[in-house]
Every structure is written in structure tokens, then in C-alpha cells.
Amino acid sequence: MQQIQDQAPPSMVKDSRMVEADEEKLIKKELAALKEQVSTPTTSLKQMRECLVRLIYCEMLGYEASFGYIHAIKLAQQGSLMEKRVGYLAVSLFLNESHELLLLLVNTVLKDLQSTNLLEVCMALTVASQLFPPDMIPAVLPLVEEKLQHSKEIIRRKAVLALYKFYLLAPNQVQHIHDKFRKALCDRDPGVMAASLHIYLLLIKENPGGYKDLTSSFVTILKQVVGGKLAVDFNYHSVPAPWLQIQLLRILRLLGKDDQITSELMYDILDESLRRAEINHNITYAILFECIQTVYTIHPKVDLLEKAAKCNGKFILSPKNNLKYLGLKALSYVIQQDMNLVLQHQMTIIECLDHPDPIIKRETLELLYRITNAQNVAVIVQKMLDYLRQSKDEYITISLVGKVAELAEKYAPTNEWFIQTMNAVFSVGGDMIPADIPNNFLRLLAEGFDDEVEDKQLRLYAVNSYLALLEKNNIHYPQRFLQVMSWVLGEYSYLKTEAKAEDIIQSLHYLLGKCSASLETKAWIFSAITKLFRLTLNVKVLPEVLQNYGNSMDSCLRQCSFELKQLVEDKEIMNTVLPLDESCNDIVVDASLSFLDGFVADALGHGAAPYKPHHQRQEERLSQEKVLNFEPYGLSFATSPQISSVTGRQSPTGLSFNSEISCNSTEAGLKDSDSLKLDGVKKVWGKEGYLRKKKESKEETVASPNSESDVTADFTSTAEKTAGLSAEEQEKKLLASSLFVGLGSNNLVSLMGKNQSTTQKFRRKSKIVEGQNSYERTMSTQKAIAPPLAQIPNLMDNVLESCNPFQESKAMLLRKTASDSAEVPTEEPAQESDEAWNSSNNLKTIRAVPSASKESISGLFADGNFDIVQPGNCNSALVAHEPNSSLSPGLPVEFAEHSHSKFELVCANENIALFSCKVWKEDCLLIVLFFTNRSSIEVTNATVNFALTDELQACESTDFPFPLVESLATVKCQLCLQMMKPCARVLLTGHVTYHLETSQQTQEEFALALFLTDFIRPLKLTTEEFGHLWLSLSNDVKQNLSFTSDSPEALTVALRTLQQELKLHIVDIIGAEGIVACQLLPSTSCLLHCRFHAGILSVWLRSGCCVLPDCLLYECQKVIQKL
Amino acid sequence: MIKAILIFNNHGKPRLSKFYEHYSEDTQQQIIRETFHLVSKRDENVCNFLEGGMLIGGADNKLIYRHYATLYFVFCVDSSESELGILDLIQVFVETLDKCFENVCELDLIFHVDKVHNILAEMVMGGMVLETNMNEIVTQIDAQNKMEKSEAGLAGAPARAVSAVKNMNLPEMPRNINIGDISIKVPNLPSFK
């Protein structure tokens, strides 16, 4: 190191005082020298180490030093400890997980993981966790796992964290070591235990229900930590292991959420934590803060809440800004539970509004945003706008502008206020404003409410205000604001009878001429001008407009002006294309271009080749090349079969735009992307809300003296304390009263958001009916608001359509062409000869036609959902011990031909017992559940209910009622399941409720573990079909599995085993390669290509679904390992 | 999770940057620049938290920073980290640096980039906090240095001696941990595969 210091270039020392250019020159020179040195073969490892340290520095300064990457890897490979350390460090700073040089590092890392030297192992663990991508994890995973048993705690700790990173990257590959995580949690070294908490925090966040059993363990650990059972070493400022406490409190918070029983376990320790954290140090506040959040998240307990509230006071009232900030943060969190706390601290909140720190100010506004109601909205929005005017930060502006718009829409007291506020939003937000705000605003105006008069008033007010704004000269408005103005003026100027359309056109024309407007805005303005020509016969301005833009350099404007010319000439077309006040109604567009059919037919008649979509052409070309194209596979196409079925237009006639999309969700999704994004927007504009608004405003004026006295009453207590108030304080009080109005305990409930409907002013009209809603909404607004740039093609289509003599009137709209029936299954029916498939488990292979499955299910259940089986000689003891003998006769004959699992007892008590049996049908997994009444009396009103997770889908209802089950009788119900999201293991939970004679209802919960393999079925394909399908699938995973057998039959053995264990279908075996196909129910196919070479089975999986190959690979791995 | 750790001086010159998620070279530089821009315009007496800019991950992320003499220490973290906890972690980091370098100054960070990174690696691994105890970190670093030195000194010695030293393990840390009475009941759930 000494040497470096001597030789260090001056740039590194005094660059802070240097001019940029000088520095650049020096570093460049230094880099050139380094480049030369590293490439000299005589450079020793020691010198290389120094070079790399300098390269690290140069690269940090932002200079390119990629020539040194390979040397970093070399140093890590060859160097002794000291050099190795620098080599690894450089590698972890230079490379990333997708860098190609990383491959060269794998062997080094493997070697070092096996080293006896602790340092080398540590370095290897660090690099592996930092850099390795998912596909390299299997290579190191066994070694890292091994390290969990290492004798040194530092290694165990790093191994745990490395596994955590692996879990983040590829959860499926780490699934099997969950119990090892538990061991780490119980490790004798607290450091290792602390490291394992990272994993548990993540696991519990993902699935809080799965780890409730660990609650008491976490509580015990926390108790001992808080109680000072740890060595003094762990103390930080005499607080025992504070970071550990923080982590534990977070875990408990997740576990206790919405769960009274679990929460009760932790009340004591939370109480103690709150009490212990007395010392006035930063880190105790960190613990307190976590405590408060935990107390407010878990099932509430009154005295704990009180204590937490008191603690929170310490934060808010603290003179330290950090604590104040956190206090405010906690407060906006607490608000969901307890509004009174806000009232307690109202004066502090007011002070924070004028805090010099903008971050604290912002947090205060965040808090206010959450307590906004109809009464204080004006003040709060004003405060927010004030803040916005001062803030320059783009990120803050965007989020705050969205909030203001939301509040304005929700609680606006009057039309005028609403329009003014939105104007302020548009002008303050500028061009940073996200597109959905103007879109929502326009949609609100366009869709209106059910009250025509109100609609008109709102629109008219908007028109008036925009005209006034446009009259002001020399003011620069942001683009989005101009777009909003021009749309409103174009659409609703007719409401303002006293203004002449020509004048408005004139001023818009003037706006168009200004260079400040962007092209997009110009298109908006132009379309507004076009619309305004509906209103006037006076076309005096027209020639001027046409002259200016008819030869515009910009093709868009030129097209607009030509359209304008056409439309003005023909009023009839104008009225069809741009009807007055019908922006919400859909224009019917003939998307299938059926009017071109004649033309196409003519061309075909003259010998033209029929049209094939691009992907079809490409696939045909590829498939002609070779029948089974193994090596190399060439390009993989991203086109999935779904998309191809969409674009493959089957019937070119009479398909209206509307019906096409509603039938085809994929296409709707595609269209969505280029129209407006409206999801996440609250539909608050409804009939009731709007009407109520009118009533309320009347009531308010009457009741206002009353409510004011309410408010002042709130303040009497504080007012008494500070008798002589300064004028400034008076002002603050006044502000407080306006801000916190309506937050008193009397109407506390309404604030919690539950009753918000009563306070929401603007409620969006819910005009959408039934299924197609999302699409219709998009369409109506697309038409209404989409920028004219996007509208132009539509507009032209319309014109064409209305000119088209063959057009089939609007009835087309009603014709729902079943476009999904036109989809042709990509796979051919299965081949019948099946020598490879050894049907030991009696499974019939599945024809790859997806639609076939549904019919068979309904056929099966046509005779009712369940039938009653009388087990005869069964007594309750027997049932519990030998369910098989007593119940297997109960399995209906129709299932006996299918393979099925053994009976499993899923839940039992003294009265009832539940057994399950999995039947692997070819189109679904059938769960047959037997409900046995073991008591001596009748069971009534029993219901079995399954709770399905996202991963699973049931074909029918998941509730099975049994009105009456006699004593010692058994009934059964069956549930058909398919897996929607692939995952290795999923829990099917459910509960059964029943009454025993007249006694109370009893509920028992049960859970069944389902595995991926339960849903895997063979997919019968020919080699040729396999080749086709392989090309169309885009998600692939490759892995080498070690496989000890050396016999020439090894591949066949392996494949047979896979076939038997996982129900795959062997398509073909050619030499050392084999191809295998399967599908995940309902219809996700997955193809495998296996090659056996020198004790290694390389498996290559492809599927249309991105998760499936991973999961299936994991299963294959397990099977092969067993061999 | 910690997304990045940045150290730069009052002029915005980076002195250390460690990213725990992959960003391209240009993005890294931009993040450093923007972070400096955000942090440097803050007064001395305001809070140490900043809501992240657009660059480093949007709403969920925060910047937590401390200013020491000529250097800013900035941690970019997501919502799963405790603000005050990280703030004290920075303090631990700086105290550790101070102990390892004996009165740390900006120049130490320049000339010993690798050492600083090694110290950091003992505290934070892959974005997760690994160790928060300063003494523990210092002992680890010292032990490592000693081991390296002894190995370097033996460079010319016969191979057997070298491997003997190489296989010599790090000294076990005197931690006096007595957590034996923590009896965590971990039921053996059959469902755990």
C-alpha cells in the first residue's frame, strides 16, 4: 500500500481543487499507463494488485476501465490471499450478473468455497451472493448449503446471507432448504440467528400465515434480547443489540397483523420494549418507532395503544428534526386507527407546515392528505398548492399533483373551486404532470353526471375560465394545460351562447401559431378548431387556416388541415364524424376493413397470393428447413401462440371493432397500451353522490354556525391555557380550526374512509355495465380524449366508412363474431400409438385440444355434485386408524380407472373426520373429500368450503353443503382443480362447518398440500409437432444434472423414470438425445430436450410460461437425484 | 435492503461507491451526481432523510445521509430498513473507519479504496446488514490483515510451511456469547419439504 501512496498520481490528491479538464487529462494518462502495464507479461501479481486498486478508483470516478476486467479475474484465480482479495473486490465492483466474463469466475469460486482457508471461503461467499445470476446458482448451491454447518460462525453467517440472496433471485431453487433456515434461526451464535431473520422477514412478508408457529420463538428471542441476556459485546450505546430488536419487531408486526391470537402472544414484550426504551439516544428512538408501528399494526390493545400514542408524542414534539419527521410519519400511519391523536398534535402539525425543512413539510402534507374531508379540503389543497409552487423537485411535484387532483375530484365543494383548482394543478404541475390527471379530468367533464343542468354549468364554467385565460397575452401555459383547454373549448364552446365561435377559432388559431406549442399540442388545438367549425357557418377564418397549414412541413398538421377542408365542405359528414356533445359515445369503426373485401377478392382473382402474417411466414420458412432441428436451435421467437392466434384474422367480414375486442382479451390488452390508462382511478362519480352534494351544500349553509361552534368547543381547553394569544398564534389557531374541522370524535367514523361516500362531492357516473366495462371505458375515452395524433387514423376510417356504399349499417356493432372459435389449436390431435408411454399409473394421455376438457367435466358432474356413501360396518375408531379399509369402497367407480392417491386424514375431532384422495384425471386434479360423521347423532348443515389461492382454479363452486349427515355416515364431495400459476407446492386450505343437533356451529380448518406434479400431464406430440412448438416457445431454462449411471441405456432409464414419476411423455429418443413433452393443466405446454454425455444429463426446458420451466426443472432434479 | 452506499466530498467527487443492485456505469455516475445534488443543498440543521429521486427506484426508496467534515456518507435504502437504524449504522461505519485508519480523513479513502471496501464488506453483505458491532468488525479486519501479512512474509519459504500458515484459521472471536437459554421451539412440521 505504501508504494501506491508514493506513486499515486497527483490527480487523486488534489482533484477537488482542479479543473475538470485537467483531471480528465491526468486520469486518461494514468489509464493509458495502466493499460500498458497490465498487458505486459512481466508484470508481477503484486504489481497487478496495485494496478487494479487504481483501476477501481478510476472506474469509480466514471472512467472506462474495462481492459482491466479480465486481469481482475486472473488475479482472483491465481493470486495469494492478499492479491486474491483485491482481485475479488475488483471483480465484484467491475462485473455484473449478466457480464460474460463471469463464467470464467465460476471455477475459482467453487475452488475457494472448498478451501480450508476461512478468508478464501468468505470471499467466495461474498462474490457469489453479489454477482451470481439465477442460472449459476445451482453450481454453488450445494457448497453454500454445506457451509451452514461450518464450525466458524462468520462463515455460517455469510452462508445464510448468500442463501437469502439466492432466494431473492430464484426462490424455486432454494425451496428445499427451508428447514435449514430454521436451524440457522436456532443457531447457537446470535449473529447467525440475526442473519437468518433477514430471510424470515422476507418469507413472512410473502406468506404470513405459514409461519405463525414461529411467533412464540420470535417473542422469546426478543424477550431475551430486551432482558439483556446477550453478551455486553452486542450492546450499542448500552442498548442490547438494537438492530436485532428492530428486525424482530418488524417480523412480529407482520405476524400479528389481523390476527388476535398471535397478537396476544406479543403484548407483553411490546409493553416491555416500550418501557425499556427510556434512554435518550437515537437508537432507542429507532426501537421505539418500530414498537409504535407494531402496536398500531397488530390486533389493538387499549393500554398499549395509549402508551404508543404517548411515545409518539415524544417524536412529534422533539426538537430534533429526524424524530419529528418520523413522528409525522407514524402519525399518518396511526390515523387509520385513531384520529384523536391528530387532534392532540394539531398545533405541532400547523407549525410543521411552516417548517424550514421541505422534507418535514412534505410529510406534513402527506398527513393532511389523509385527514382531508369535505370541510377542510379547500385549506389543505391550498397548502399543497403553495408547497408545489415552491418545490422544484420533479418527483415530489408528480406525486403531490396527483394527490391534489384526487382530493379535488373527491371533495370539491363547488364547480368553480374545482375548475380553479384543476387550473392551478395544470399550471403548477407543468409538463411534469402525469398524463392520467388531464385524462381523468376530461373524462369527468365528458361523462358528466346524471344531472344535465349541473353538467352544463360545470362545462360552461370551464369554457369561461379557459377563454379568460387565453385572453391574457404573453403567458406561457404548459403543454398539457393547453391540450386540456383546447379539448374543452372544442367540445363545449357551444354552451357559451354569447361567444362567437369565430372568435374562439381566432384565438385558438393564434395559439397554434405560437412556436411554444409542441407538435402534439398543435394537433389537439387543430382538432378543437375543426370541431368549432361545426358551430359556425362563417368560414371567414378558414382560408387563412388552410393557407397556413395546408403546406405545413409537418405531415400531421397538413393532414389535419385537409381533413378540415373536407369536413367543412360536407356538413353531413362533419356531423357524423364529430357529433355535438357525444364525445362519450362510441364511434363504430370497421377495424376488419371489410369494405376492402371487394378489392381483396379482385386481387386474389387476378392471382395474388393470399396474405400471411409475418410470423407465419417466418415459421413456415424455418420448419421447411429441417424436420427436427436440434442443433443449433437458431433464433427463439418471442411470438407466443396466443398472439399468433390474434393476428391470424380468420374472417375478414363484418367484424366490428367492438365485438372483436370484447371477444379477445389479448387484443384488448394490446389496445389498452396505446390508449388511456384508467386503472387505479377511483370511480367516485355516481348518481347518489352527486345528488347528495346539492342537498349537502344547502344543509351546510344552514348548519354552518353550528359546526363552527363545535369546532371552537374543541379549542376551549387549549384556549384557556394560553389566555393572552399573540396575533400570530391566533392565526395559527384559525388555521388549525379550518384544517382539523370535522375531525372531532363525533364524526370520527366518517373520516376513516368507510363512510366516505357521504362526503365525496364529485362522483363519477358509473355508466359501465357488466363484463366489457374495462374495454368500453377505454374506448369511449380513447375516442373522447385521446390526442388527435392517435385519433387521425380513426377519423379517416370514419370518413371512409361513411363514404362506403357497401357499409352494413350500425347493426354490425351487434354482431358478435365468435372470434375465439376461430382460433385454431396449434397442436394436432394426439397420435394414438404410444409405445413409449408406459401407462403404469393408468393415465390417459391428453389430446392437446384445450376446449375438450370443459365438456367432459360437465358431463361428469351432470348427475349432481355428491352422493352419499354408507360405509356400513364402520365405527369411529376404525375410521381414524384405517381409513383405507373402511372407505376405499366409497371411491366411486368412475374414478377407479384413474390413478389416485391413498386416503389421507386431513382433519378430525371426536365428532367428524375428513379424508381426502387425489384423483389424477387427465383434464384436472380431482380432490375427493370424504366427510364422516363419527358421532352417534346427526350432523346438520355441514358445509365444506375450499379457499383457493391465486395459483389454483376450480372448475365449479368451492362450497359443498350437506344438509344432513346421519350418524356414522360418510358423504363425499369433489373439487376439480387446475393450476393457473405454476409453483412447486401450494396449500389448498379450507374449512368445514357443521352443527351437531342443536348445539352451536363448529368450524374445523384443514389444509392439503398439492404439488406441481399433481397437475402435470403427458402431452402427446409427434417429433415434427415438437419441433414446431419448440420454436414458438420463448422461455427457456438449461441445466446440467449429474447422473451417476454409465450404462449406454442411461438416457433411456432417466427418461423412463421422468415419465413415470412426473407423467411426462417421451416423444422421441435419438442417440444420446431425447425429447419429452408435458403440459401443466389446464393447457400450458412445456417441452424438454435432454442430452446425456459423460455422466451429465443436460436438460433444456422451454415453455410459454416463464415460471414453469424453473419449477419443472426442480422436480426433474429431485427425480434424477433419487436414481 | 440497502441499494447503494455512496461517499462523496463537499464538491461531489465520489470517494466510494458500492451498488448492491446492478446499474450501468452511466447510471451509477448519474445517481452519484443527482444524490450529491439533492444532499448538498440541504441545510445543516434539517433531518437526515430524503425521499429518493426518480433515479434510484422511486417512491419506496429513501436516502439517509450524514455529513462529516468534508465527506457525505449516503445510504440508499428501501422501505424495509429502519431510518434511525441506518443512521446509526453510518455512525458505526465511520467510527470503524476511524479506528482502522487512526483518524480517518478523505485521503485515506482515496489511497486505501480496497481497505475501505473490505471494511464495508464486513458490515454489509449483498445489501443486507451483516454486522453492527464495531469491535467485531475491527477484530475481523485485523485478523485478516495479520493473516495476509504472515502469508506474504512466507512467500519464499518452502511450500509446506506456506500451506501450514494458509490453513491456520482465524482466531475465534472472544464474544462470550451466552444465549444457551434461548430454547426456540421449532416444531418439526411434516409439510416442510
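Chain identifiers are assigned alphabetically (A, B, ...) following the order of the sequence lines, protein sequences preceding nucleic acid strands; residue numbering begins at 1 within each chain. Owing to the predicted nature of the structure, the values given are computational and were not obtained by experimental measurement.
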Could you tell me whether the side chain of B:Asp43 reaches within less than 4.5 Å of the side chain of A:Pro356, counting heavy atoms only? no
Below 4.5 Å, heavy-atom pairs only: which of A:Lys165, A:Glu97, A:Lys320, A:Arg250 has the largest tally toward chain B? A:Arg250
Under a 4.5 Å heavy-atom cut-off, does chain A meet the side chain of B:Glu122, its backbone, both or neither? side chain
Identify the two heavy atoms, one from A:Lys205 and one from B:Ser80, that lie closest to each other, and give their separation to 0.1 Å. NZ-CB, 3.9 Å
Salt bridge between A:Arg49 and B:Asp114, side-chain N to carboxylate O under 4.0 Å? no
Between A:Ala1007, A:Ala286, A:Ser399, who has the most heavy-atom pairs with chain B when the cutoff is under 4.5 Å? A:Ala286
Checking B:Asn118 against chain A: side chain, backbone, both or neither under 4.5 Å from a heavy atom? side chain
Of the non-hydrogen atoms in B:Met125 and A:Lys158, which two are nearest, and what is the gap between them? CE-O, 3.3 Å
With rounding to the nearest 0.5 Å, note down the distance linking CD in A:Gln247 to CE in B:Met128. 6.5 Å
Does the side chain of A:Leu161 come within less than 4.5 Å of B:Leu130's, by heavy atoms? yes
Taking the side chain as every heavy atom from C-beta outward, state whether B:Val46 and A:Ile359 have any pair of such atoms under 4.5 Å apart. no
Spacing of CZ belonging to B:Phe8 relative to CE belonging to A:Met60, to within rounding of 0.5 Å: 12.0 Å
Please report the shortest heavy-atom distance between A:Leu93 and B:Lys18, naming the atom on each side. CD2-CD, 4.0 Å
Contact summary for A:Glu290 and B:Ser82, nearest pair of heavy atoms: OE2-CB, 3.5 Å
Non-hydrogen atoms of A:Gln130 and B:Phe19 that approach each other most closely: NE2-O, 3.3 Å
For the interface with chain B, which of A:Arg362, A:Glu83, A:Glu64, A:Lys183 has the highest count of heavy-atom pairs at distances below 4.5 Å? A:Arg362
What's the spacing between B:Leu87 CG and A:Ile283 CD1 if we round to 0.5 Å? 8.5 Å
Can you confirm whether A:Lys329 sits close enough to B:Glu83 that some side-chain heavy atom of one is under 4.5 Å from a side-chain heavy atom of the other? yes
At what distance, to the nearest 0.5 angstrom, does CG of B:Asn145 lie from CG of A:Leu81? 11.5 Å
At a 4.5 Å cut-off on heavy atoms, which part of B:Gln91 comes close to chain A: side chain, backbone, both, or neither? side chain
Mind checking the NE2-OG spacing from B:His22 to A:Ser98? Nearest 0.5 Å is all I need. 5.0 Å
Do B:Asp88 side-chain atoms and A:Asn282 backbone N/O form a donor-acceptor pair below 3.5 Å? no
Contact class of A:Leu326 relative to chain B, heavy atoms under 4.5 angstrom: side chain
Non-hydrogen atoms of chain A under 4.5 Å away: do they reach the side chain of B:Met134, the backbone, both or neither? neither
Do the side chain of A:Trp243 and the main chain of B:Gly85 share a donor and acceptor less than 3.5 angstrom apart? yes
Side chains of B:Val92 and A:Tyr236, heavy atoms from C-beta outward: is any pair under 4.5 Å? yes
Less than 4.5 Å to any heavy atom of chain B: does that hold for the side chain of A:Leu323, its backbone, both, or neither? side chain
Any side-chain heavy atom of A:Tyr57 sitting closer than 4.5 Å to one from B:Ile110? yes
Let me know if A:Ala162 has heavy atoms under 4.5 Å from chain B in its side chain, its backbone, both or neither. both
Can you tell me if B:Glu131 uses its side chain to pair, donor with acceptor, with the backbone of A:Gly191 under 3.5 Å? no
B:Asn133 and A:Asp233: side chain to side chain contact (heavy atoms under 4.5 Å, CB included), yes or no, with the steps? CA-CA 8 Å; B:Asn133 185 346; A:Asp233 255 17; 4.0 Å; yes
Is the shortest heavy-atom distance from the side chain of B:Thr132 to the side chain of A:Phe234 under 4.5 Å? no
Polar side-chain atom of A:His198 near backbone of B:Met1 as donor-acceptor pair, under 3.5 Å: no
Please give me the minimum heavy-atom distance between B:Cys47 and A:Ile360, naming the atom from each residue. SG-CG1, 4.4 Å
